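Reviewing the structure listed below.
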Amino acid sequence: MQGTMKAAVMTKLREIVFAERPIPAPGQGEVLVRLEYVGICGSDVHYYEAGRIGNFVVEPPFVLGHEASGTVVELGEGVKNLNVGDRVCLEPGRTCGKCEWCRKGLYNLCPDVRFFATPPVNGVFQEYVAHDAALCFKLPENVSMLEGALIEPLAVGFHAANQGNAGPGMTCVVTGAGCIGLVSMMALKARGVSRVFVVDVLDKRLEKAMELGADGVVNGRTADVNAEILRLTEGKGADLVIEASGSETATRSAIGYAKKGATIVLVGYSASGEETLPIGMCLDKELVLKTVFRYRHIYPMAIDAVAAGRVDLKHLCTDIFDFDDLPEAMERSVTDKSRIVKAAIRIAREQGGIS
Ligand SMILES: [Zn+2]
Ligand SMILES: [Zn+2]
């Protein structure tokens, strides 16, 4: 496809301007996707506000955005798994396929991964992208494009639930009710956990957690979290905690209310990247501490769970903005964190079909 497309370019901290860029041509094994929805991730907001996450530093001009869905509009050479017109969601990370981790099936740990909107690789707040056909997953008819864009964060939630071997009979706690905490809660439920309690300090987020199926919530600002979790679990504590807030306080209290032999899965990054924890208590209780970095081959399962009605992605988004309003959406994501639980950008209107 010839011509130019609109791209939203971060030019400096807290500034996004629109630019015309050439529409990319799909190479061997790639498809050209006309993007329809792209979610705003906490990492996008962080890059926009602070210009870096750890050692990843934005060098403007830079395009943010990595939670995407769209329609295949052109096939590169050798593509057999997709056709023009297919509705797809995009897994953002291209890996080398050759290193030790790729060969072991731990491809999320590939040192050469090129991931949308992780410097120096540009993201997809733009109208088109050429992407590996193998990383574009067809959406069933009953999964909307908006849900398709949210498969990316849901995959993180499923990876966290998998790391914790979540299943029936467990009592779980999720700390942090932002997007990742909420999708982790839903992934736990989809894996058959019947009791999931959610802890946060913002009522708006806790309301969202209840709306999406949490079995109980605790506001850590007003309640004694430890006492409240013990009360909710008849004094037994939690079998599994997924920590999605990045708060040291949350991790410390999780170590307190975790059952002996329980697992704590750390998903949230703390602001400094460091936390001081009561490791002695972890040893006394023989706790298992695990971590999560993105996900590996979870899209098919996550899409299936949404199609089967086991995960409610429809009601996760609190705010949807048109592409033209992306600068405002990013700014409000910084200034209005307590109100916007999850925002997504409508890049283009879907042509026919459900939206
Ligand atoms: Zn994300
Ligand atoms: Zn690799």
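All values derive from a computational prediction rather than experimental measurement.
The closest side-chain heavy-atom distance from V72 to V88 is below 4.5 Å. Using a 4.5 Å cut-off on side-chain heavy atoms (C-beta onward), V199 and I229 make contact. Two residues are said to be in side-chain contact when any heavy atoms from C-beta on lie closer than 4.5 Å; C89 and E152 fail this criterion. In this structure the side chain of P61 reaches within 4.5 angstrom of the side chain of R21, judged on heavy atoms. By the 4.5 Å heavy-atom criterion applied to side chains, C136 and L90 are counted as neighbours. Contact check for Q126 versus K6: no side-chain heavy atoms found under the 4.5 Å cut-off. You'll find the side chain of L240 reaches within 4.5 Å of the side chain of V265, heavy atoms only. Put simply, the side chain of D239 does not reach to within 4.5 Å of the side chain of T263, judged on heavy atoms.
Heavy-atom contacts from other residues, nucleotides or ligands closer than 6.0 Å to CD of E20 number more than 12. Annotation for K138: atom NZ does not count as buried by contact number, only 12 or fewer foreign heavy atoms lying within 6.0 Å. Other residues, nucleotides and ligands contribute at most 12 non-hydrogen atoms within 6.0 Å of the CZ atom of R103.
Judged purely by distance below 3.5 Å, without hydrogens or angles, the side chains of H315 and D312 pair a donor atom with an acceptor atom. A donor and an acceptor atom, one from each side chain of S144 and E147, are located under 3.5 Å apart. With 3.5 Å as the limit, one finds no donor-acceptor pair spanning the side chains of E331 and S333. Judged purely by distance below 3.5 Å, without hydrogens or angles, the side chains of D203 and N219 pair a donor atom with an acceptor atom. Donor-acceptor pairing under 3.5 Å is recorded for the side chains of E275 and T251.
Between R34 and E127 there is no salt bridge, since none of the side-chain N atoms of the basic residue sits less than 4.0 Å from a carboxylate O of the acidic one. The pair E207-K204 does not count as a salt bridge, with every side-chain nitrogen at least 4.0 angstrom from each carboxylate oxygen. Between R296 and E91, none of the side-chain N atoms (NZ, or NE/NH1/NH2) sits under 4.0 Å from a carboxylate O, so this pair counts as no salt bridge. For K189 and D215, the salt-bridge test passes: some basic side-chain N is under 4.0 Å from an acidic carboxylate O.
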Please assess F197 against V218 for the test side-chain contact (heavy atoms from CB on, under 4.5 Å), listing each intermediate value before the final yes or no. CA-CA 8 Å; F197 302 112; V218 179; 5.6 Å; no
Assess whether ring pair (Phe, Tyr, Trp, His ring centres under 6.0 Å) is satisfied between Y269 and H46, documenting all intermediate values. CA-CA 12 Å; Y269 279 83; H46 207 84; 9.5 Å; no
Run V9 and I16 through side-chain contact (heavy atoms from CB on, under 4.5 Å) and show every step you take. CA-CA 5 Å; V9 182; I16 285 181; over 6 Å; no
List the steps and the verdict of side-chain contact (heavy atoms from CB on, under 4.5 Å) for L109 and Y107. CA-CA 5 Å; L109 307 179; Y107 72 74; over 6 Å; no
side-chain hydrogen bond (donor to acceptor under 3.5 Å, both in side chains) assessment of E274 paired with T276: CA-CA 7 Å; E274 305 209 354; T276 302; over 6 Å; no
For R191 and F158, run side-chain contact (heavy atoms from CB on, under 4.5 Å): C-alpha distance rounded to whole Å, both residues' side-chain angles, the deciding distance at 0.1 Å, then the answer. CA-CA 9 Å; R191 284 192 54 129; F158 266 114; 4.2 Å; yes
Please report the C-alpha distance between F115 and H66 in whole Å, then the side-chain angles of each, then the deciding distance to 0.1 Å, and finally whether the ring pair (Phe, Tyr, Trp, His ring centres under 6.0 Å) criterion is met. CA-CA 8 Å; F115 196 96; H66 64 263; 5.7 Å; yes
Could you please spell out the steps behind the side-chain hydrogen bond (donor to acceptor under 3.5 Å, both in side chains) verdict for S270 and E248? CA-CA 7 Å; S270 69; E248 179 179 310; over 6 Å; no
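Between M185 atom CE and M210 atom CE the span is 9.0 Å, to the nearest 0.5 Å. Remark: R346 CZ to I320 CD1 distance equals 6.0 Å, nearest 0.5 Å. Rounding to the nearest 0.5 Å gives a distance of 7.0 Å between CD1 of I180 and NZ of K342. One finds the CD atom of E100 at 11.0 Å from the SG atom of C110 (value rounded to the nearest 0.5 Å). Note that the CD1 atom of I23 and the OH atom of Y128 stand 5.0 Å from one another [nearest 0.5 Å]. Note: L202 CG to S338 OG = 6.0 Å, rounded to the nearest 0.5 Å.
No donor-acceptor distance shorter than 3.5 angstrom exists from the side chain of Y257 to the backbone of V173, with no hydrogens or angles considered. With R195 contributing its side chain and L232 its backbone, the two residues share a donor-acceptor pair below 3.5 Å. Listed for the D322 side chain is no donor-acceptor partner under 3.5 Å among the backbone atoms of D325. For D44 (side chain) and G65 (main-chain N/O), a donor-acceptor pair under 3.5 Å exists by modelled atom type. With hydrogens and angles disregarded, no donor-acceptor distance shorter than 3.5 Å links the side chain of R294 to the backbone of N108. Counting only distance, with no hydrogens or angles, the side chain of R310 and the backbone of A190 share a donor-acceptor pair below 3.5 Å. A donor-acceptor pair under 3.5 Å is absent between the side-chain atoms of E49 and the main chain of G51, judged by distance alone. Between the side chain of S69 and the backbone N or O of G148, no donor-acceptor pair lies under 3.5 Å. No side-chain donor-acceptor contact under 3.5 Å links E67 to the backbone of A149. Judged by distance alone, with hydrogens and angles left aside, the side-chain atoms of N122 form a donor-acceptor pair with the main-chain N or O of V63 at under 3.5 Å.
Taking hydrophobic clusters as Ile, Leu, Val, Met, Phe, Trp and Tyr residues chained together by side-chain heavy-atom distances below 4.5 Å, F321 shares a cluster with V38. A single hydrophobic cluster is seen to contain both M10 and F56, as judged by linkage of ILVMFWY side chains at heavy-atom distances under 4.5 Å, directly or through other members. Under the 4.5 Å side-chain heavy-atom criterion for ILVMFWY residues, a single connected hydrophobic cluster contains both I53 and V45. Under the 4.5 Å side-chain heavy-atom criterion for ILVMFWY residues, no single connected hydrophobic cluster contains both I345 and M5.
The minimum heavy-atom distance between A177 and R205, with the atom names listed, is O-CB, 3.5 Å. Residues L188 and C172 approach most closely at CD1-CB, 3.8 Å, considering heavy atoms. The two residues E74 and P26 make their nearest non-hydrogen contact at OE2-CD, 3.6 Å. Contact record, A329 with I40: CB-CD1, 3.9 Å, taken as the closest heavy-atom pair. Across every non-hydrogen atom of G256 and N226, the tightest pair is C-OD1, 3.5 Å. Looking at every heavy atom in both residues, D112 comes nearest to C96 through CB-CB, 4.2 Å.
In this structure, H131 has its ring center under 6.0 Å from that of F116.
The aromatic rings of F18 and F323 sit perpendicular to each other, their planes meeting at more than 60°, with 30° as the lower class boundary. Ring orientation note: the planes of Y47 and F62 are nearly perpendicular, at an angle over 60° on the 30°/60° scale.
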